[in-house]
Amino acid sequence: MQTDCVILGGGAGGLCAAAALGRRRLHVTVVERLPRVGKKLLATGNGRCNLTNLGADASRYHGAAPEFVKPALERFGVQRTLDYFRALGLL
């Protein structure tokens with residue numbers, strides 16, 4: 001099989017990138033040094049694979065962080081995050 005893109009790292013970011021590229025019909029290879037991809041994701045939510053936080057809000061961050069996270073939360077908020085994972089069949 002032909003590979004259009006190689007992603008180094010099978011963590012949350014790498015898997016998200018692979019899914020986005022796959023939806024564009026690109027052939028993606030994910031390279032992970034650990035024996036299993038997404039292992040840290042499985043540990044979230046007390047072992048239930050927490051995909052998002054329903055109470056995510058910039059006001060809950062302290063110090064300089066609220067201004068840092070605000071654009072990301074406004075652009076890709078809780079409902080959009082849930083819709084994204086639902087479209088992938090993960091909810």
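These numbers come from the heavy atoms of this one structure, side chains and all, not from hydrogens, waters or symmetry mates.
When every heavy atom of L21 is checked against every heavy atom of C5, the shortest pair comes out as CD1-SG, 3.6 Å. In plain terms, the two heavy atoms of V30 and A18 that are nearest each other are CG2-CB, 3.7 Å. Across all their heavy atoms, H27 and Q2 have their closest contact at CB-O, 2.9 Å.
Every side chain to side chain contact (heavy atoms under 4.5 Å, CB included) that A56 has, sequence neighbours left out, goes to N53, L73, V78. Shown here are the side chain to side chain contact (heavy atoms under 4.5 Å, CB included) partners of A17, two or more places apart in sequence or in another chain: I7. Residues satisfying the side-chain hydrogen bond (donor to acceptor under 3.5 Å, both in side chains) test with E74, not counting sequence neighbours, are none. Residues passing the side chain to side chain contact (heavy atoms under 4.5 Å, CB included) test with A87, sequence neighbours excluded: R23. Remark: T29 engages T3 in a side-chain hydrogen bond (donor to acceptor under 3.5 Å, both in side chains) (not counting sequence neighbours). Under the side chain to side chain contact (heavy atoms under 4.5 Å, CB included) criterion, D57 pairs with S59, R60, not counting sequence neighbours.
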Checking side chain to side chain contact (heavy atoms under 4.5 Å, CB included) for the pair R75/R80: CA distance, chi angles, key distance, verdict? CA-CA 9 Å; R75 183 171 173 162; R80 187 168 176 196; 4.0 Å; yes
Verdict with supporting geometry, L41 and L15, side chain to side chain contact (heavy atoms under 4.5 Å, CB included): CA-CA 10 Å; L41 283 172; L15 294 176; 4.3 Å; yes
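Within the model, atoms CZ of R24 and CG of L26 stand 8.0 Å from one another, a figure rounded to the nearest 0.5 Å. Atom OH of Y84 is separated from atom OG1 of T52 by 13.0 Å, given to the nearest 0.5 angstrom.
Under the 4.5 Å side-chain heavy-atom criterion for ILVMFWY residues, no single connected hydrophobic cluster contains both V31 and V37.
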